[in-house]
Amino acid sequence: MNDLGVTVKKDEDFAEWYIQVVLKSNLLDYAPIKGFIVLKPYGYAIWERIREVADKRFKESGHQNAFLPTLIPESLLSKEAEHFEGFKPEVFWVTHAGNDELGERLALRPTSETLAYEIFSRWIRSYRDLPLKINFWNTALRAEIKSTKPLIRTSEFLWQEGHTVHASKEEAEDEARLMLSIYKEIIEEYLAIPVIAGYKSDKEKFVGADYTLTLEALMPDGRALQMGTSHNLGQNFSRPFNIKFLGKDGKEHYAWQTSWGISWRLIGALVMIHGDDKGLVLPPRIAPIQIVVVPIFYGDDSKHSVIDKCKNVYALLRDRFRVHLDDREEYTPGYKFNDWELKGVPLRVEIGPRDVKQGKVVLARRDDSRKVSVGDEELLDAVTNMLEDIQHSLYRRAYEFLKSHTFSTLTYDEFKEHIEHGFVRAYWCGSQECELRIKEETGADIRVIPFTDDSINDTDMLKEGGMMKKEQVRDGDEGDTRCIYCRRSAGKIAYFAKAY
RNA sequence: GGGAGCGUGGCCUAGCAUGGAAUGGUGCCAGUCUCGGGCACUGGAGGUCGUGGGUUCAAAUCCCACCGCUCCCA
């Protein structure tokens, strides 16, 4: 063993493990500017898969892609005061054009609401122009100086930001909810990461939004990670940006808006949740390479028959799967096994002289390291089933982790103990003061206030009942539903956790 | 905002106390040999010791300043 592989164990030094995995598996590299990274081809291929899946859903639900400039004049960015105050500390400013100082500073977009809405206001005149539903695949820049982490917290990140304009409040609400459910589907069914859906508290919501919907996942170190957000902006932006339309009633109305986004942070979550001591483990539905074929040959005698069989298998699988034939001659099979395991390819097909002779191949799973030998005629079925099985067992494993690290409690003492290990589900009075105090004393935030009135969460946790029961923290708690902190009567149930 | 530590071939690293030819591993290149779990051997290329200044016959080593990075505390 040498330092080509990951040299620390995931459960012994998680932070170091994460860095080694993302670097050594060839996802990314550091850039020469603090807080910035370079996404290498293998990492970008994962982003392309996420983008492919998401883009399809966006288009199916009536959204169109467009492009916006990176620079936003200060006068525009500051037009919505609360929004500006929120982003100000992390804005990069362009102050010069060549040698000349600019009359007005230009922000490198931290997010595009202000720029997009200035433009939207020129496009919208009548209710017939609505709804306007546009998505941008781009990057955003936020100056992160402390505690940066590749993919999780970087000063520039790849993301998509959707921006919509609607004629009614209800329509905007539905849109915000719909996009969250689309995100949830992508994250759970493709990335195999279970999430908890609900509202952000006022303290944690997007600055300028009426409310923010969020999806929260739990990382192996017990910290929560925000996976995607969808904001109902109400009329908070349409007023300052003057997005008005003439309704059927012949009167002018301010429009109702949403914005929503997911970023390459999802790749970071993927690494943390599914990875192991050997490196990455990618769910088949999102893996850029689902199957790698590795030939094993001794001398020239068997070499040709092995290579031929590998090519046949490759051709057979290529139509239905993303498959790669590793025919490099300068590396030994053992080296290749380790290399592809580091890169997280879900399934490996090994073909050697023995397999050629017996009319078989060896299939090796990345998730549990099991190897099986299957006859050539069963190959297609076996591969299909195994990939599905890997997809589901990865989700299952992540789900069991989330479940076993989500604690329900009625006492603050227990709260402080559990908060070190995952989500704590507790009653909360709804006051920001309690929220701040808890943050101060324990380092934990309210990550999500779960939905109680809809079907979004019913796909998993809630359906199983028990600890996830909607109206109660725990079964039979009707007698004590007071706030975990101030002991006043509680209006809500909230999930607390330390966050990235 | 406060404190501590670290910068040596692509990467990791020895050397620094007590100044005197820059150590080893990995990776890279060539060849031979191998290949069912990171093969082995031989040879080779690759270094402004973060930057600038100072002390000294002599500085990776001691002193000063700067730059960069990491960690801890608020």
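Bear in mind that the values here come from a model prediction, so they are computed numbers and not experimental data. Throughout, protein chains are lettered first and strands after them, A, B, ... in sequence-line order, and every chain is numbered starting at 1.
Partner assigned to B/rG1 is B/rC73, using Watson-Crick or G-U wobble distances below 3.5 angstrom. B/rG37 is unpaired under the Watson-Crick or G-U wobble criterion, no partner having all donor-acceptor distances under 3.5 Å. With a cut-off of 3.5 Å on both Watson-Crick or G-U wobble distances, the partner of B/rU42 is given as B/rA30. Judged by Watson-Crick or G-U wobble contacts below 3.5 Å, the nucleotide B/rU55 has no partner. Base pairing of B/rA60 is not made with any nucleotide, judged by Watson-Crick or G-U wobble geometry with both donor-acceptor distances under 3.5 Å.
In this model, a donor atom of one side chain and an acceptor atom of the other lie less than 3.5 Å apart for A/Y495 and A/R425. Side-chain atoms of A/Y485 and A/E441 include a donor-acceptor pair closer than 3.5 Å. Residues A/S201 and A/Q432 have side chains that never bring a donor and an acceptor to within less than 3.5 angstrom of each other.
Between the P atoms of B/rG46 and B/rC35, the separation comes to 34 Å (whole Å). Comparing B/rC69 with B/rU32, their C1' atoms sit 44 Å apart, to the nearest whole Å. Nucleotides B/rC16 and B/rG3 have their P atoms positioned 30 Å apart, rounded to a whole Å. When the P atom is compared between B/rU42 and B/rG53, the two are found 44 Å apart, to the nearest whole Å. Using atom C1' as the reference point in both B/rA59 and B/rG50, the two lie 16 Å apart (nearest Å). Across the C1' atoms, B/rC39 and B/rA58 are found 47 Å apart, a figure rounded to whole Å. The separation of B/rG10 from B/rU51, taken at their P atoms, amounts to 13 Å, rounded to a whole angstrom. Here, B/rG7 and B/rU61 have their C1' atoms 14 Å apart, quoted to the whole Å.
Distance from the side chain of A/N338 is smallest for B/rG38 among the nucleotides B/rC39, B/rG38, B/rG36. Taking only side-chain atoms of A/Y335, from C-beta outward, the nucleotide of B/rG37, B/rG36, B/rC39 with the closest atom is B/rC39. Checking B/rC35, B/rG37, B/rG36 against every side-chain atom of A/R348, the shortest atom distance belongs to B/rG37.
Atom CD in A/E440 sits roughly 12 Å away from atom C1' in B/rA74 (whole-Å rounding). As rounded to whole Å, 15 Å separates atom C1' of B/rC35 from atom CG of A/D327. Rounding to whole angstrom units, CH2 of residue A/W340 and C1' of B/rG36 are separated by 19 Å. Rounded to a whole Å, the NZ atom of A/K336 is 18 Å from the P atom of B/rU34. Per the geometry, NZ belonging to A/K24 stands 14 Å off P belonging to B/rU26, to the nearest Å. Here B/rC35 presents its P atom at 14 Å from CZ of A/R354, a figure rounded to the nearest Å. Taking atom CD1 on A/I296 and atom C1' on B/rC35, their separation rounds to 9 Å, with Å as the unit. The distance from atom CD of A/E16 to atom C1' of B/rU70 is 11 Å, rounded to the nearest whole Å.
A/F407 has its ring centre no less than 6.0 Å from the ring centre of A/F415. Checked against the 6.0 Å centroid threshold, A/F206 and A/H83 count as a close aromatic pair.
Between A/E329 and A/T148, the one whose closest nucleotide on RNA chain B sits nearer the 5' end is A/E329. Ranked by how close their nearest RNA chain B nucleotide is to the 5' end, A/Y331 and A/P353 are led by A/Y331.
Within the nucleic acid shown, A/R328 has no heavy atom closer than 4.0 Å to any nucleic acid atom.
With A/F337 as the aromatic partner, A/R348 meets the cation-pi criteria of under 6.0 angstrom to the ring centre and within 45 degrees of the ring axis.
For B/rG37, its base sits under 3.5 Å from the side chain of A/K371 at one donor and acceptor pair at least.
Ring geometry for A/Y331 against A/Y335 counts as parallel: the plane angle stays under 30°, on a 0 to 90° scale with 60° as the upper cut.
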